[in-house]
2 protein chains.
Amino acid sequence: MADSCRVETALEILVGKWKPVILFHLFSSGTMRFSELQKAIPDITKKMLTAQLRELEYHDIVHREIYLQIPPKVEYSITEYGKKMTPLLQAMNDWGMAHVEHLNELYGKDQSVESFEVNDELVGK
Amino acid sequence: MADSCRVETALEILVGKWKPVILFHLFSSGTMRFSELQKAIPDITKKMLTAQLRELEYHDIVHREIYLQIPPKVEYSITEYGKKMTPLLQAMNDWGMAHVEHLNELYGKDQSVESFEVNDELVGK
DNA sequence: CGGTATCCCCGCTGATACTG
DNA sequence: CAGTATCAGCGGGGATACCG
């Protein structure tokens, strides 16, 4: 735990209602157009998709490739630097899965940690 | 990255303006009274301290020991299960530190990722 | 001492419409 | 197609006061 705590720095990048799902899709599919992301995440609005992508872009996690053509085409992908997040995301994912199990043991199977609609979405894709 | 994404589960537990700082102090000091946490985190209100501690307690990360006496005494500590979060917190902390460096390289030293007041607080303790 | 109870504000998110 | 602009709602968080 050392003498300081930058956990919040990591949180800042990931926090945002749709960032984990966006990252999940980009990590899985490699490169996706704006409209492909929209299709993959039906409930997100253009406004939010744009906003969250811009934040990830600012943090050099996501790359935005613009093709100057009509109609426009924009592709998003994980940067090389962004790929270094994989172990962290993996660790969070693993801990999250174990924690769901733990909560089930504590409170019973019917309990939810909320916000699982996001996962339903992934399942239904 | 597997076929599902429980990253958000991990985020839920940590998200909350004061949870990382609270965890930092409890991990560092072992056991702390309510008032000690207040002193360690001057800007937090009783309401928020209580709320965030209750959430951590619900998730079995923090244990709440009540001493039935006048004046009241309540001690908070990390549960055994909670201690299993250490590697995750460490990973997030490490990534966070590296990311601050990365942002400095990209945008210059003066840039901030915001919310560093929390750290100032820790430094000033 | 260790909390609740109330009231309030602001910023994230959503819905909808418009545009190059 | 890939956005921006505008308006509106809701809830996390803050300030303050009170309580066993």
Side-chain angles (χ1 to χ4, degrees), chain A residues 8 11-23 25-26 29 31-59 62-77 112-118 121, chain B residues 8 11-23 25-26 29 31-59 62-77 112-118 121:
Chain A
E8 19 244 325
L11 285 173
E12 280 175 56
I13 318 310
L14 276 328
V15 166
K17 186 168 178 183
W18 305 97
K19 282 183 197 166
V21 213
I22 291 172
L23 288 176
H25 284 293
L26 289 179
S29 306
T31 294
M32 295 178 82
R33 298 185 59 170
F34 188 84
S35 51
E36 290 178 314
L37 280 166
Q38 273 194 97
K39 268 169 237 157
I41 315 169
D43 287 349
I44 199 173
T45 62
K46 294 175 176 187
K47 177 186 164 188
M48 283 313 298
L49 182 52
T50 305
Q52 309 260 301
L53 282 168
R54 291 293 144 83
E55 287 183 43
L56 291 169
E57 188 189 357
Y58 171 83
H59 284 283
V62 160
H63 173 67
R64 180 164 174 250
E65 185 75 32
I66 308 159
Y67 296 86
L68 288 173
Q69 59 181 55
I70 306 279
K73 174 177 170 182
V74 179
E75 285 186 340
Y76 293 91
S77 56
S112 106
V113 200
E114 277 102 69
S115 86
F116 271 359
E117 320 79 51
V118 184
E121 206 163 88
Chain B
E8 19 243 326
L11 285 173
E12 280 176 55
I13 318 311
L14 277 328
V15 167
K17 185 168 177 183
W18 306 97
K19 283 182 197 167
V21 212
I22 292 172
L23 289 177
H25 285 293
L26 288 180
S29 306
T31 295
M32 294 177 82
R33 297 185 60 170
F34 188 86
S35 50
E36 290 179 314
L37 281 165
Q38 274 194 98
K39 268 169 238 159
I41 314 168
D43 287 348
I44 200 173
T45 61
K46 294 175 176 186
K47 177 188 165 188
M48 284 313 298
L49 182 53
T50 305
Q52 310 258 305
L53 282 169
R54 290 294 144 84
E55 287 182 42
L56 292 169
E57 188 189 358
Y58 171 83
H59 284 284
V62 160
H63 174 68
R64 180 165 174 250
E65 185 75 33
I66 308 159
Y67 297 86
L68 289 173
Q69 59 181 55
I70 306 281
K73 175 178 170 182
V74 180
E75 285 186 340
Y76 293 90
S77 56
S112 106
V113 200
E114 277 102 69
S115 86
F116 270 359
E117 321 80 51
V118 185
E121 205 164 87

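To find a chain, count down the sequence lines: A is the first, B the second, and so on, and within it residues start at 1. None of the values given here were measured: they were computed from a predicted structure.
No side-chain heavy atom of Leu37(A) sits less than 4.5 Å from a side-chain heavy atom of Ile44(A). The shortest side-chain heavy-atom distance between Val15(B) and Leu14(A) does not fall under the 4.5 Å cut-off. Tyr58(B) places none of its side-chain heavy atoms less than 4.5 Å from the side chain of Arg54(B).
Along DNA chain C, the nucleotide nearest Glu75(B) and the nucleotide nearest Glu55(A) are compared for position; the residue whose nucleotide lies closer to the 5' end is Glu75(B). Judged by closest nucleotide on DNA chain C, Val15(A) is the one of Pro72(A) and Val15(A) placed further toward the 5' end. Nearest-nucleotide positions on DNA chain D for Lys47(A) and Lys39(A) put Lys39(A) closer to the 5' end. Mapped onto DNA chain D by nearest heavy atom, Lys46(B) and Lys46(A) fall at different nucleotides, with Lys46(A) at the one closer to the 5' end.
Among the heavy atoms of the strands lying under 4.0 Å from Pro71(B) are primed sugar atoms or P, OP1, OP2 only; no base atom is included. Counting non-hydrogen atoms under 4.0 angstrom, Tyr67(A) reaches nothing in the nucleic acid. Looking at heavy-atom distances under 4.0 Å, Lys73(A) makes contact with sugar-phosphate atoms alone, never a base. Contact annotation for Gln52(B): backbone-only contact, meaning every heavy-atom pair under 4.0 Å involves sugar-phosphate atoms and none involves a base.
Side-chain nitrogen and oxygen atoms of Arg33(B) include none within less than 4.0 Å of the OP1 or OP2 phosphate oxygen of dG3(C). Residue Tyr76(B) places at least one side-chain N or O closer than 4.0 Å to OP1 or OP2 of dG3(C). Put simply, Ser35(B) has a side-chain N or O that comes within less than 4.0 Å of OP1 or OP2 on dG2(C). A close approach under 4.0 Å does occur between a side-chain nitrogen or oxygen of Arg54(B) and OP1 or OP2 of dG3(C).
In this structure, the CD1 atom of Ile22(A) is 11 Å from the P atom of dT13(C), given to the nearest Å. The separation between Leu11(A) atom CG and dC12(C) atom C1' is 17 Å, rounded to whole Å. One can place CD of Gln69(B) at 12 Å from P of dC1(C), the figure rounded to the nearest angstrom. For the pair Ile70(B) CD1 and dG3(C) P, the interatomic distance rounds to 13 Å; values are reported in whole Å. Atom-to-atom, CD of Gln38(A) to C1' of dG3(D) comes out at 9 Å; the value is rounded to the nearest Å. If you measure from atom NZ of Lys19(B) to atom C1' of dG12(D), you get 11 Å, rounded to the nearest angstrom. Separating the CD1 atom of Ile44(B) from the P atom of dG2(C) is a distance of 14 Å, rounded to the nearest angstrom. Here dG2(C) presents its C1' atom at 13 Å from CG of Leu68(B), a figure rounded to the nearest Å.
Under 4.0 Å is where a charged nitrogen must lie from a carboxylate oxygen, and between Glu36(A) and Lys39(A) no such pair does.
Between the Glu75(A) side chain and the Glu65(A) main chain, no donor and acceptor come within less than 3.5 Å of each other.
Put simply, the side chain of Lys17(B) and the base of dG12(D) share no donor and acceptor less than 3.5 Å apart.
Listed nucleotides dG3(D), dG13(D), dG3(C) differ in distance to Phe34(A); the shortest reach to its side chain belongs to dG3(D).
Counting all heavy atoms, side chain and backbone alike, Lys19(A) lies closest to Ile13(A) at CD-O, 2.9 Å.
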